[in-house]
Amino acid sequence: MTDKIILTGIKPTGTPHLGNYVGALKPLIEMANENKTFIFIADLHALNTMKNPSDIRLHTYEIAAMMIALGLNLNNAVLFRQSDILPIYQLSNFLMNVTPKGLMNRAHSYKAMVEKNTDAGIDVDSGVNMGLYTYPILMAADILLYDSDIVPVGADQKQHVEFARDIAGYFNNTYGETFKMPEPVIGKINGIIPGLDGRKMSKSYDNTIPVFAPESELKKKIMRIITDSKLPEEPKDPDTSTIFQLYQHFASESEINDLREKFVRGGMGYGDAKKILFEKINSVLAESREKYNYLMSHTDEIDKILSDGAARANAVAEKTIARVKKAMLG
Ligand code: TYM
């Protein structure tokens with residue numbers, strides 16, 4: 001056990017996919033064996049796009065069930081729902097006052113909306129609500145509320161963790177040392193897990209492979225991975241192949257070298273490579289999938305774990321809020 005505090009969140013905006021699993025959750029579950037860990041379902045962060053409460057509820061259960069089924073160590077790990085923690089609303093509001101507006105203007109997701117609107121010749125802020133605009137402040141509040149040292153995330157979230165550091169710095173400069181500086185830890189290899197079409201695996205591109213898809217669906221999805229048109233006998237480049245990139249996260253060192261060799265040598269069609277990938281992922285996830293299915297039909301067990309987590313998280317959060325109030329309001 002180290003004295004580092006680990007924290008991460010995942011939005012309940014869709015069924016959790018292999019990008020979430022490899023990019024953030026698998027490393028997190030490993031770290032949670034050694035460290036005090038906070039992991040929460042970021043339902044407040046979902047609100048700027050999700051307007052249907054029953055979808056949020058379903059995906060919240062799915063994420064919680066996934067974490068439990070994957071063997072999250074619930075002694076070290078505090079698993080909870082973001083919206084159950086009242087101090088998060090308070091801290092987020094306090095941090096607004098030390099966060100420059102210009103910092104928010106530079107956030108990738110806001111900038112992407114502005115660019116899209118500019119290209120379409122419409123108002124730059126069209127479709128931008130304040131939940132989206134202030135998203136990084138809420139995320140900084142998440143990170144700073146629990147004195148996190150390490151924030152394991154996929155590469156797409158790195159800027160948000162850097163903003164949390166910036167905001168902690170503005171706060172500490174104004175009010176004295178109050179917050180720790182968190183460090184982002186990016187998932188191994190290149191940090192971005194490709195989806196079925198080779199772009200970043202993302203709910204918004206509709207190119208995901210759900211972690212606990214039933215076996216037949218998992219197979220169907222994997223067989224749909226887009227490849228180039230190389231013939232079976234031709235040598236192939238493993239490093240630009242979605243099949244190979246996904247395989248690396250599930251197979252052992254020697255299995256990875258084996259498949260690399262088959263790509264480079266030629267003689268293996270993409271259909272066969274996909275079968276190898278399917279067999280591997282399926283065997284790694286089969287046992288947890290059963291647990292997951294059990295939990296999804298016993299959501300009262302999930303509720304109990306989440307409310308226990310909320311009590312433990314609140315105890316820490318209330319202390320931080322008391323510290324912040326004292327620093328800001330005397
Ligand atoms: P979210 O819900 O989009 O994704 C959850 C985690 O999965 C990672 N991830 C990926 N990693 C690699 N390749 C991919 N294709 C891929 N897709 C998703 C994400 O980087 C993330 O780590 N804003 C966050 C949630 C959040 C949070 C926090 C995270 C709220 N507060 C505080 C850390 C700390 C988000 O939208 O993640």
Side-chain angles (χ1 to χ4, degrees), residues 1-11 24 28 31-32 34-45 47-48 76-110 130-153 157-186 309-330:
M1 194 81 177
T2 73
D3 54 6
K4 296 274 185 227
I5 296 177
I6 317 280
L7 169 135
T8 204
I10 172 166
K11 271 186 309 194
L28 180 85
M31 286 185 209
E34 299 293 324
N35 303 279
K36 175 97 192 235
T37 302
F38 292 92
I39 164 137
F40 60 92
I41 297 134
D43 52 355
L44 299 176
H45 273 117
L47 289 175
N48 77 78
N76 296 345
V78 181
L79 178 66
F80 61 101
R81 210 188 248 126
Q82 185 187 28
S83 62
D84 284 342
I85 311 301
L86 291 183
I88 194 65
Y89 306 84
Q90 295 171 289
L91 184 56
S92 182
N93 208 286
F94 283 134
L95 294 180
M96 299 270 174
N97 302 290
V98 293
T99 306
K101 178 168 177 282
L103 191 71
M104 298 300 98
N105 291 341
R106 293 203 297 276
H108 295 321
S109 43
Y110 173 65
M130 290 305 283
L132 170 73
Y133 191 64
T134 60
Y135 188 106
I137 302 180
L138 178 58
M139 185 150 158
D142 287 328
I143 294 170
L144 302 177
L145 193 54
Y146 307 97
D147 291 326
S148 320
D149 294 293
I150 293 173
V151 185
V153 282
Q157 296 296 318
K158 187 165 177 250
Q159 187 197 42
H160 285 144
V161 184
E162 284 163 357
F163 279 9
R165 291 170 60 89
D166 292 341
I167 294 172
Y170 299 134
F171 192 103
N172 289 349
N173 282 339
T174 312
Y175 295 107
E177 267 327 287
T178 307
F179 293 120
K180 268 197 213 165
M181 281 293 160
E183 292 285 344
V185 170
I186 309 302
R312 290 160 72 195
N314 258 312
V316 177
E318 273 161 16
K319 281 197 193 131
T320 309
I321 263 311
R323 202 164 77 222
V324 171
K325 267 189 172 165
K326 182 138 184 31
M328 292 184 95
L329 297 166

Non-hydrogen atoms of V78 and A313 that approach each other most closely: CG1-N, 3.9 Å
Distance in Å, Q82 CD paired with I41 CD1, rounded so as to fall on 0.5 Å steps: 10.0 Å
Pairs meeting criterion salt bridge (charged side-chain N to carboxylate O under 4.0 Å, His left out) with involvement of residues 158-179, two or more places apart: K158-E162, R165-E183
Flag side-chain contact, heavy atom, 4.5 Å: T320 against R323: yes
Spatial distance of atom CG (N314) from atom CG (L86) [nearest 0.5 Å]: 6.5 Å
Rounded distance [0.5 Å steps], CD1 in I5 versus CD1 in I143: 13.5 Å
Minimum side-chain heavy-atom gap L103-I167 below 4.5 Å: yes
Within-4.5 Å side-chain heavy-atom neighbours: Y170 and T99: no
Pairwise side-chain contact, L145 with I88, heavy-atom cut-off 4.5 Å (strictly under): yes
Flag side-chain contact, heavy atom, 4.5 Å: D147 against K319: no
Sub-6.0 Å ring centroid separation between F94 and Y175: no
Y135 and H45 aromatic ring geometry - parallel, tilted or perpendicular at 30°/60° bounds: tilted
Spacing of CE belonging to M139 relative to OG1 belonging to T134, to within rounding of 0.5 Å: 13.0 Å
Side chain N172, main chain F179, donor-acceptor under 3.5 Å: yes
Shortest non-hydrogen contact between S109 and H160, atoms and distance: OG-NE2, 4.4 Å
Rounded distance [0.5 Å steps], OG1 in T174 versus CG in N97: 10.5 Å
Validation row: L144, L95 side chains within 4.5 angstrom (heavy atoms): yes
Side-chain (N76) to main-chain (M31) donor-acceptor, under 3.5 angstrom: no
Under 3.5 Å: donor-acceptor pair, side chain of Y89, backbone of S83: yes
Closest non-hydrogen atom pair, G131 against N48: C-CB, 3.8 Å
Flag, side chain of R81 to backbone of D43, donor-acceptor distance under 3.5 Å: no
Close side-chain approach of Y133 to N105, heavy-atom, < 4.5 Å: yes
Heavy-atom closest pair, residues A310 and F80: N-CB, 3.7 Å
Spacing of CG belonging to D149 relative to CD1 belonging to I6, to within rounding of 0.5 Å: 7.5 Å
Exercise: identify the closest heavy-atom pair between P152 and T8: O-OG1, 2.9 Å
Flag side-chain contact, heavy atom, 4.5 Å: I85 against Y146: yes
Any donor-acceptor N/O pair, Q159 side chain to H108 backbone, under 3.5 Å: yes
Sidechain-backbone polar pair: S92 side chain, A141 backbone, donor-acceptor under 3.5 Å: no
